[in-house]
Amino acid sequence: MMFDRFFSAGLRLPAVAMAAPGKCPVVLTEEAAITADRNEELRVEPLVDEEALVAQGQPLLRLRADPTIALVSPMAGRVARIELAPGRRLLRLVLFREGDDRHEYAHAPLDETALRALMQGAGLWRNLRSRPFGRMPASGERPAAIFVMATDTRPGAPDPQLALTGGEDDFAAGLEALQKLTAGQIWLCEGKVSDLPVPVGVRRILCGALHPQGLPGIQIHRHHPARIDAPVWDIHAEDVAGLGSFLATGLVPDTRLVSVTGAGLREPRLLRCQPGADLRGLVHGVLRPGPHRLLSGAALDGQQAHWLAPRDRQVTVLPGATGADHRHWFGAALRRAARPMPVIPTAALEQALGGDIPAHALIRALGSGDPESAIRLGALSLLEEDLALADYVTGAVPRVSGQLRTVLDLIATEEAAP
Amino acid sequence: MTRGLWDREMVALVLLAAVMPMALAWLWYGGSAALVRLLLTLLLSGFWHLVFMLVRAQPPSFAGALTALAVAMLAPPDLSLFQLVLGISFGSVMAELVMGGWGRNVLNPATVTLAFLGFGFPAAPWADLPLPVAWAAIPAALIAMVAGVIPARTVLAATLVGGLAHWAGLPVGPVLPAAGIVLVLLVADPVASASTRLGGWLNGVLYGALMVLFAVQWQLAAPLQMAVSAALLISLVAPLLDEIAIATWLARRKRRHG
């Protein structure tokens with residue numbers, strides 16, 4: 001176990017300049033939004049009207065399929081606009097900052113049912129992610145295990161242990177609460193040996209220091225593979241501490257630790273901001289001149305966005321123009337006309353999937369859209385972010401992570417069919 | 001959003017760079033005859049890649065040059081132009097291009113070409129490569145292994161088996177140079193060899209074992225003939241080795257996770 005870190009499979013990526021982990025300023029942007037995550041479909045029912053003044057933590061939206069689950073306001077402010085696509089699918093609910101009210105929930109010692117109801121009503125349910133498929137869990141779902149991620153190896157990611165500083169007791173309380181949600185095991189994944197207090201029954205895993213060892217998918221695949229009848233949840237350690245403090249005070253945590261990195265910045269930043277913050281507000285004043293792309297997430301798995309995505313703790317600013325592609329017409333024609341370039345099995349590819357998974361077999365199964373082989377090789381434990389490194393390393397076109405999503409969606413439709 | 005290095009063409013280019021020591025040593029000792037032969041194979045391989053690009057919109061690959069180099073080095077030297085053209089056309093078209101290009105092939109096109117030439121025209125004697133080319137295979141293998149473009153476990157396993165056999169006193173000495181050259185050029189091809197961990201080890205061990213068997217039992221065969229035959233047989237079983245590796249991996253996981 002001790003030498004695990006030195007022999008852990010993974011890749012050394014180009015270093016990303018990070019801000020010194022000193023004092024993290026709280027930066028609340030003037031605008032924030034509740035958005036759906038990538039590939040997430042949220043059919044919602046608004047609980048407030050446009051122009052309404054709302055408190056931080058107040059429920060603003062309710063899921064139509066699961067009305068106990070609410071999405072809450074990331075900050076005190078005024079509802080600017082609620083944009084829904086046909087079928088009442090949430091596009092975004094935008095808020096302007098105004099006032100500093102916080103919505104307080106009643107909090108008493110709870111049994112499982114009450115805890116679930118409270119978490120769902122206070123928007124904390126959204127911090128959980130269920131595999132297979134990577135959705136927010138349904139209100140009645142019981143996981144076979146919960147992975148708490150106190151490590152993150154993505155380049156430029158803020159150290160979760162730093163986010164926990166000062167909140168160790170809340171973290172322990174949060175873990176105890178999580179234990180009520182499942183009869184299964186709680187796993188705590190750490191990047192280094194720490195003295196975090198944990199309740200009895202929580203198993204600690206020391207993860208390797210190289211990417212992708214700090215991704216929940218790789219750890220879940222190794223220690224407790226998800227199955228369709230036995231979903232596995234993962235949650236970020238900071239959100240567990242937030243759950244603990246919520247149960248103690250009744251206040252929904254108002255900020256999260258976010259690192260802003262990338263070559264398009266004059267200096268990297270480490271700050272605390274509200275969930276769903278406006279990315280332009282976070283990079284204001286530190287951008288280099290010239291065109292740039294703002295990504296929510298790491299450079300590997302991030303996507304161009306306007307708002308910080310619900311699960312992201314990173315903002316990446318890449319220099320360079322957006323989109324426009326000036327390659328030669330002949331090369332472009334070849335690229336589009338032919339079938340995609342095959343991925344060659346190299347040592348880099350194997351390391352990009354953590355070394356344990358038969359990488360090339362999995363990629364071939366995904367490329368040929370073969371759900372059975374993919375399931376056999378453990379695709380149910382994985383999500384797009386887990387294959388983002390393989391995409392980066394091989395430059396695969398189309399992206400392997402996109403192929404995984406296609407296969408997962410196919411499996412989900414087949415499962416849903418009677 | 002950003003992209004790394006190891007796309008198909010980069011792998012092919014690094015492989016080409018890695019085999020340069022062997023190619024240069026071979027050209028040095030082969031002289032102008034070797035150069036003409038290499039140009040001919042390059043031209044033919046390039047021609048078929050061009051045909052498939054124009055007809056099937058299939059992007060050409062630098063791996064074609066790798067095939068050309070391996071064929072030029074290893075094919076029997078006395079073949080007529082027609083025989084060589086026939087062999088390369090068969091190998092690169094049937095083993096690689098009709099499958100969808102490099103990366104989708106099951107067998108190494110150079111192996112198929114050489115087997116075709118060797119079995120089709122048995123009267124032509126096999127090449128006898130100068131010893132320095134075999135020595136040059138060592139840096140070539142090291143470069144490719146460090147870059148991760150050939151499976152290191154396959155090379156290590158085969159070397160280990162060869163070394164053990166030599167240590168045990170079996171008469172493998174004469175075939176070692178040819179076995180080493182073919183190991184680097186044909187057997188350890190990242191696409192046609194086993195891609196899993198256990199599969200890679202088995203792949204190397206099997207190749208080594210076959211070479212030892214041939215060296216001991218196959219009288220009257222040239223070392224290169226033995227090595228090419230072993231390479232062909234091994235690349236035929238490589239998918240099976242991968243299946244075995246995945247099956248044991250699944251069994252281990254089943255025992256562990258239920």
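Letters A, B, ... mirror the listed sequences (proteins, then strands); counts begin at 1.
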Given that the side chain runs from C-beta out, which part of A:His223 has a heavy atom under 4.5 Å from chain B: side chain, backbone, both or neither?
-> both
Top residue by heavy-atom pair count (under 4.5 Å) with chain A, among B:Thr196, B:Val149, B:Leu250, B:Val191?
-> B:Leu250
Quick one: does B:Arg8's side chain get under 4.5 Å of A:Val343's, heavy atoms only?
-> no
Are any of the side-chain heavy atoms of A:Thr394 and B:Val11 separated by less than 4.5 Å?
-> no
Engaged part of A:Arg376 at the chain B interface, taking heavy atoms whose separation is under 4.5 Å = both
Between chain A and each of B:Met10, B:Met145, B:Glu9, B:Arg153, count heavy-atom pairs under 4.5 Å; write down the option with the most.
-> B:Arg153
Interface moiety of B:Ser195 toward chain A, non-hydrogen atoms closer than 4.5 Å | both
Write down the atom of A:Ile344, the atom of B:Gly103, and the distance for their closest heavy-atom approach.
-> CD1-CA, 3.7 Å
For side-chain contact (heavy atoms from CB on, under 4.5 Å), just list the numbers for B:Ile246 and A:Leu377, CA-CA rounded to whole Å, side-chain angles, deciding distance to a tenth of an Å, and then say yes or no.
-> CA-CA 8 Å; B:Ile246 290 174; A:Leu377 295 168; 4.0 Å; yes
Given A:Gly355, A:Ala396, A:Gly297, the one with more heavy-atom pairs under 4.5 angstrom with chain B than any other is A:Gly355
Check whether any side-chain heavy atom of B:Trp102 sits under 4.5 Å from a side-chain heavy atom of A:Pro342, and report yes or no.
-> no
How far does NE2 of B:His257 sit from CZ of A:Arg222, to the nearest 0.5 angstrom?
-> 9.5 Å
